[in-house]
Structures are given as C-alpha cells and as structure tokens.
Amino acid sequence: MERRGPVGIRFEAVSKLYGAHAALDRVSLEVEPGEFLTLLGPSGSGKTTLLMVLAGFTRPTSGRVLVGERDVTRLPPHQRDFGVVFQSYALFPHMTVAQNVAYPLRMRGRPRAEIARRVEEALALVRLDGMGERRPDQLSGGQRQRVALARAIVFEPRVLLMDEPLSALDKKLREAMQIEIRRLHERLGITTLYVTHDQREALTLSDRVAVIEGGRIRQLDPPRLLYEQPRSRFVAEFVGEATLLPIARVGGGLAWRGRPVRTTRPVPETDPLFLVLRPERLELSPAAAAHGAEANRFEGILEDLVFQGESRLAEVRLEDGTMLAVRLPAGPRGESLALARGAPVLVTVAPEDAVLVGELP
Amino acid sequence: MNPVPTAPEAVPALAPAAAEETAAALARDARRERRAALALALPALLLVGLVALLPTLWLFGLSLVEGESLSLAHYRRLIEEESYRRIFWTTFEIAAVVTLLAAVLGYPLAYWLSRLSEPWAGLGLVLVLVPFWTSLLVRTYAWLVLLQRRGLVNQWLLALGLIEEPLRLVHNWTGTVIGMLHILLPFLVLPTYASLKAIDPAYPAAAASLGASPVKAFWTVLFPLSLPGLLAGCLLVFVLALGFYVTPAILGGGRVLMVAMKVQENAGLYLDWGAASALAVVLLLATLVIFALLARLVPIERLLVGRS
C-alpha cells in the first residue's frame with residue numbers, strides 16, 4: 001500500500017442541533033497534518049459529538065468537514081478510512097485478537113500473506129506479540145486497549161480518532177498507556193484527534209488542546225499556554241486546580257476587597273474580572289511576617305494541612321470565607337514551615353503569576 | 001515534627017476456647033442459611049417431581065408393558081410399521097419447515113424491532129405478543145376461515161388477478177404449516193430480539209470505521225453475535241412444533257398426522273396406553289438428542305438465556 005503523508009482536518013461552522021438544543025454551535029477548527037489535538041470538555045460539552053461527526057456516525061445539521069482538500073461531510077463512515085478507538089474498545093468478542101486486527105485489512109481485500117505480516121507487525125508495535133490467538137475476554141483492560149489501538153492503525157488510516165480510550169483503566173495503567181500513545185504518535189506521525197474529560201491527560205498527550213463547553217470551542221492552545229494563560233474563567237477552573245477571586249477596577253489599578261492586586265500580565269477589558277490562583281504558584285508564610293499594604297497579599301486562617309506524598313496541601317480560609325488551596329513542596333522548604341491549624345497565615349502571589357480572566361468569551 | 005516510626009501494635013489473640021466457639025457458631029449459621037434456601041425451593045421441587053418427573057417415569061414404564069408382561073412390542077411396532085415411520089417423518093419435517101420459515105420471517109422482524117427507538121420498540125413487542133392473549137383454538141379456527149376455498153386470502157388473490165383458481169391453502173400440509181408458523185413466530189422473535197438488543201452499538205460502528213460496508217458489517221459482526229438468540233429461538237420453535245396437536249388436527253383436515261395426534265388416538269380412542277407411551281417416549285428422546293447436539297454447538301445456558 002502506498003505510504004501517504006499525514007493530512008489536515010478542517011471543521012467549517014459545524015452545528016448539530018437536537019431539537020432546540022445545539023450540541024455543536026458553529027464549531028470551526030483546523031487540525032494540522034500530523035498534529036495530536038485533544039478535545040477537552042466536561043460531559044455533555046459536545047466533544048464526543050464533534051468526534052462522531054468527523055467519524056461519520058453523526059450527521060451535522062449544517063457546516064462542512066474537510067479532510068485534506070476533500071469534503072467528507074456526507075461520506076459514509078466505512079469510506080472515510082479513519083482509525084477509531086472506542087471508549088468501550090468494541091473488540092469483536094467472537095474473533096481472536098489476530099482476527100480483530102486483521103478485520104480492516106480483510107474488509108479491504110488485502111492478500112492473505114500481507115494480512116498475516118501486517119497483523120504481526122501491528123501487534124508487535126503495541127507489544128502484544130504472540131497474543132494473536134487469545135480471545136478479547138482473556139485479556140486485561142490494558143491489553144484490550146492495545147488491541148483496539150493496533151486494529152485502528154493496522155490499515156494505515158489517514159486520521160486516528162480516540163474517544164476517551166483510557167477512561168476504563170486504573171490510574172497507573174492510564175499513565176503507562178498515555179506514554180505508549182505518545183510514543184506511537186511520534187513514531188507514526190498520524191493526525192490524531194483525541195477526546196477526553198481528563199485535563200491532565202489532555203495536557204500530557206497533546207500538541208494542542210481545544211477546550212469545549214456548551215458546543216463551542218472556548219480556547220485552543222498548546223498545553224502550556226492553556227494552563228498558564230487561560231482566557232476565561234471556565235478554562236481557568238476546568239484546566240488544572242485554581243481558586244478564583246473576584247477583582248474590582250479601582251482607579252487605574254486592581255483590587256480584591258480593597259487590597260491592591262498587581263500583575264505583569266495582560267488584563268482583559270471585560271467585567272467581571274477574576275484573579276486565578278494556582279496552588280503551586282502561591283507562597284505561604286506566618287502572618288507575623290506581614291508588614292505594610294504591599295500588593296498581592298492575602299490574609300487568612302490555616303484550616304487544614306494535608307499530607308499528599310510528594311507535597312502538602314494547605315487549605316486557607318480568607319476573610320470573606322473563600323477557601324484557598326496552597327501546595328507546599330515536601331522536603332526541607334516545606335517541612336521547615338511549622339504551622340498549626342487555626343494559625344493566621346499570609347498567602348502571596350508574584351505579579352508575574354497573577355493571571356486575570358474574564359467570564360466566558 | 002518528625003515522629004519516630006513505630007511497629008503496628010498487635011491485636012491480642014483470642015483465647016483458643018473462644019475461637020472454637022465462634023467458628024462453630026459461624027458454621028451453624030451457614031448451615032441454617034442453606035436449609036432456609038432449600039425450604040424456599042421445596043414447593044417447586046415437589047411440584048416438578050410429582051407432576052412432571054413421576055408421570056414421565058410412569059409413562060416409560062407403561063411403554064414397556066404389553067398385556068401383562070414386560071415387552072418391547074410397542075417399540076418394535078414403531079420401527080416396523082410403515083405408518084409410524086411416516087408419522088415421525090411428517091412430524092419432524094413440519095417442525096423443521098416451520099422452524100426454517102420462522103427464522104427467515106422472524107429474524108428481519110426482530111432486527112427491525114431492535115433498531116426502533118423507545119416508544120416504538122415497546123409497541124412493536126406488544127404487537128408481537130398480542131396473539132398470546134387469544135386462545136390457540138380461536139386463532140386456529142380463524143386461520144380456517146381465512147384460508148378456506150372462499151376465504152379472505154383466496155378472494156383477495158383472485159381479485160388482484162394473481163391467481164385464476166382458488167388455492168388449496170387449508171385441510172392439508174400447507175395450512176398446517178401456516179397455522180403453526182403464526183402461533184410459533186413470537187417464540188423465535190423474542191429471544192432473537194433480546195440478543196440483538198444486547199449487542200453493543202459500538203460493534204457495528206467499529207466495523208464501519210474499519211471499512212466494512214453495512215452489508216459486510218451485518219454478516220461479519222451483527223449476525224454472528226446475534227446467533228445465540230436466533231438458535232435459542234429455533235430450538236424453542238422446533239421443540240414446541242414437535243408436540244403440536246390442535247393446529248394440525250384442525251388445519252390438516254385429517255391429511256396431516258403428527259405424533260401428538262397419534263398419541264391422542266392410541267390413548268383416547270383405542271385405550272392402548274402402552275402404544276401411546278412408547279410414542280411419547282420416542283418423541284421425548286428425539287428432542288433430547290437434538291438438544292444434546294445443539295448443546296455441543298453452543299453452550300446451552302447461553303442459549304436459554306438468549307444473550308451473547
């Protein structure tokens with residue numbers, strides 16, 4: 001089979017209406033050839049619907065989908081030539097592992113010898129050599145996941161689609177599979193669209209992440225930018241941990257309950273405004289160290305200090321009752337901080353870590 | 001701030017006498033629970049034993065008695081007499097034809113129902129079940145009315161110009177098959193529907209994504225996965241058809257003689273219980289053999305539950 005280069009995908013104002021409800025609301029999105037792009041969103045956000053529109057299982061109400069230069073909006077799924085990994089894996093229970101992986105090649109009428117060779121290669125690629133004669137129900141969850149992956153790539157599809165493929169696995173296995181999926185993507189360079197509700201998974205795997213909510217893309221950025229410069233309250237709260245404080249514009253500056261807030265970052269022009277506080281970007285110190293009315297200082301009471309292995313998590317109650325999470329690294333620096341529950345404390349954030357966001361764009 | 005690690009404190013061990021007493025009490029509890037479960041099942045066990053098992057054994061005994069002495073005469077007659085062989089042949093032939101037709105007609109119906117969305121699928125199933133609520137006798141006579149020479153079916157076919165002469169649809173083999181098919185169809189549709197409905201919709205979707213056209217996806221994925229339900233339905237229809245009495249008696253017009261009718265004749269007309277029993281025993285054994293053969297193909301409990 002001729003080796004074709006990776007292709008790009010373009011959604012042009014794709015909408016899907018169920019009655020009056022818009023599961024997708026004029027979504028436009030461009031996926032670069034060879035890119036690993038993740039659709040991240042809570043359940044019901046429309047991320048799976050978008051994937052199903054691309055796979056051809058759901059017809060959009062309006063808009064177009066292009067793969068390469070070709071309009072595939074009305075193409076039936078079996079002619080799209082995409083590999084799909086389903087959430088439930090959907091391994092055919094009446095076939096062996098090898099028969100499952102051979103299925104797409106058989107449907108394409110490839111010669112017997114070629115099928116045997118490529119099935120073997122695909123199984124080796126996902127480290128399941130010698131498992132070909134097993135039945136899916138004799139495999140562990142992680143092994144099934146890898147068979148589903150092998151079956152989806154064995155016919156060298158132009159696009160790989162994955163719908164929450166790791167959600168059924170436990171944490172350890174999930175992290176191992178994430179590394180495996182990254183490795184496979186790097187090796188095959190296949191354009192990949194990945195759906196998940198797990199923000200950590202999205203940050204780990206992707207070249208870019210599209211945050212979807214209410215059938216619209218709220219932000220599309222590389223993981224680092226998404227985390228460090230969220231563009232809305234929703235993204236700030238959904239990606240990573242964060243506490244948001246409402247901020248007022250006072251004169252030329254910003255303030256939280258009369259206390260000045262300073263930032264070196266851009267300030268949105270819309271109201272309301274929120275200050276995004278990430279637990280690991282905060283400093284915690286005994287209140288006694290406080291002096292003057294410097295910016296970015298928040299007084300509170302230490303409510304709880306939880307040991308979490310690699311770090312400790314402090315829960316601080318601010319004067320208006322807001323609970324603020326502060327992550328303290330374990331080791332000398334964290335340990336030296338001797339604090340008792342109920343002690344008055346001071347939380348500070350550096351101006352370069354003070355991210356401000358507006359409501360939904 | 002840095003507590004010294006300590007070993008977990010050991011729980012003080014139980015005194016040996018107390019430990020033994022607890023173990024004995026636990027064993028007593030377990031025995032009591034088993035007895036309670038048996039007591040709950042007892043009425044059903046008694047009923048099956050008294051009403052099904054004993055009479056079957058009694059029947060078997062009767063079939064071995066000719067006059068006053070033990071003999072295989074009844075069985076010898078079944079083998080030697082041409083008429084009996086013909087009756088068995090007719091019975092199995094009709095059962096097989098009815099099963100085949102039920103599968104051909106019932107599978108598409110079950111498939112269609114399984115793809116309907118909710119209010120309609122439920123309604124469809126109710127419509128499949130409606131015939132169960134009328135007496136078998138009434139339905140059989142209704143077919144007699146519909147299929148006779150001047151019946152509705154012939155009138156329509158004549159009016160449409162599809163035939164010139166009325167067809168002979170009843171008082172024969174054809175009428176028997178039509179009547180039995182109608183009565184037995186739900187027994188095929190229901191397990192087939194259940195097993196189609198139990199198939200994860202991701203399977204056909206996966207097949208399509210892997211390049212299978214709808215027709216190929218059906219034959220390579222959906223059909224094999226629904227096979228246990230279809231086979232369960234076929235088995236039910238076949239076994240029920242083997243014992244049919246009323247429908248062939250009425251719609252066969254005396255031209256179709258099935259085993260159950262001969263049993264009735266031997267017992268009711270000639271009061272020859274031995275001959276009737278031998279027929280029933282052979283039919284029972286034949287059914288069991290078919291069950292055993294099928295069980296080798298598909299695990300039987302999966303068949304009866306009708307799930308994959």
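Quick note: numbers below take in every heavy atom, side chains included, and nothing from hydrogens, waters or symmetry partners. Proteins come first, then strands; the chains are lettered A, B, ... in the order of their sequence lines, and each starts at number 1.
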For each of B/P224, B/A202, B/A205, B/A217, tally heavy-atom pairs with chain A at distances under 4.5 Å, and name the one with the top tally. B/A205
For the CZ atom on A/R117, are there more than 12 heavy atoms of other groups (residues, nucleotides or ligands in this structure) within a distance under 6.0 Å? yes
Does a side-chain heavy-atom distance below 4.5 Å link B/P214 with A/H78? yes
So for A/F86, is it side chain, backbone, both, or neither that comes closer than 4.5 Å to the heavy atoms of chain B? side chain
For the atom pair CD (A/Q79) and OG (B/S213), what is the distance rounded to the nearest 0.5 Å? 9.0 Å
If you compare all heavy atoms of A/F57 against all heavy atoms of B/A208, which two are closest, and at what distance to 0.1 Å? CE2-CB, 4.1 Å
Counting only heavy atoms not in A/R134, do more than 12 sit closer than 6.0 Å to its CZ atom? no
Around atom CD of A/E120, are there more than 12 heavy atoms of other residues, nucleotides or ligands at under 6.0 Å? no
Run the side chain to side chain contact (heavy atoms under 4.5 Å, CB included) check on B/L210 and A/F92 step by step: do they pass? CA-CA 12 Å; B/L210 295 168; A/F92 304 133; 4.3 Å; yes
Contacting region of A/L91 [heavy-atom separation from chain B under 4.5 Å]: backbone
What pair of heavy atoms forms the shortest contact from A/R106 to B/T220, and how long is it? NH2-CG2, 3.6 Å
Please round to the nearest 0.5 Å and tell me the distance separating atom CE of A/M107 and atom OG of B/S209. 11.5 Å
Locate the shortest heavy-atom distance separating A/H94 from B/L225; write the atom from each residue and the value. ND1-CD2, 3.4 Å
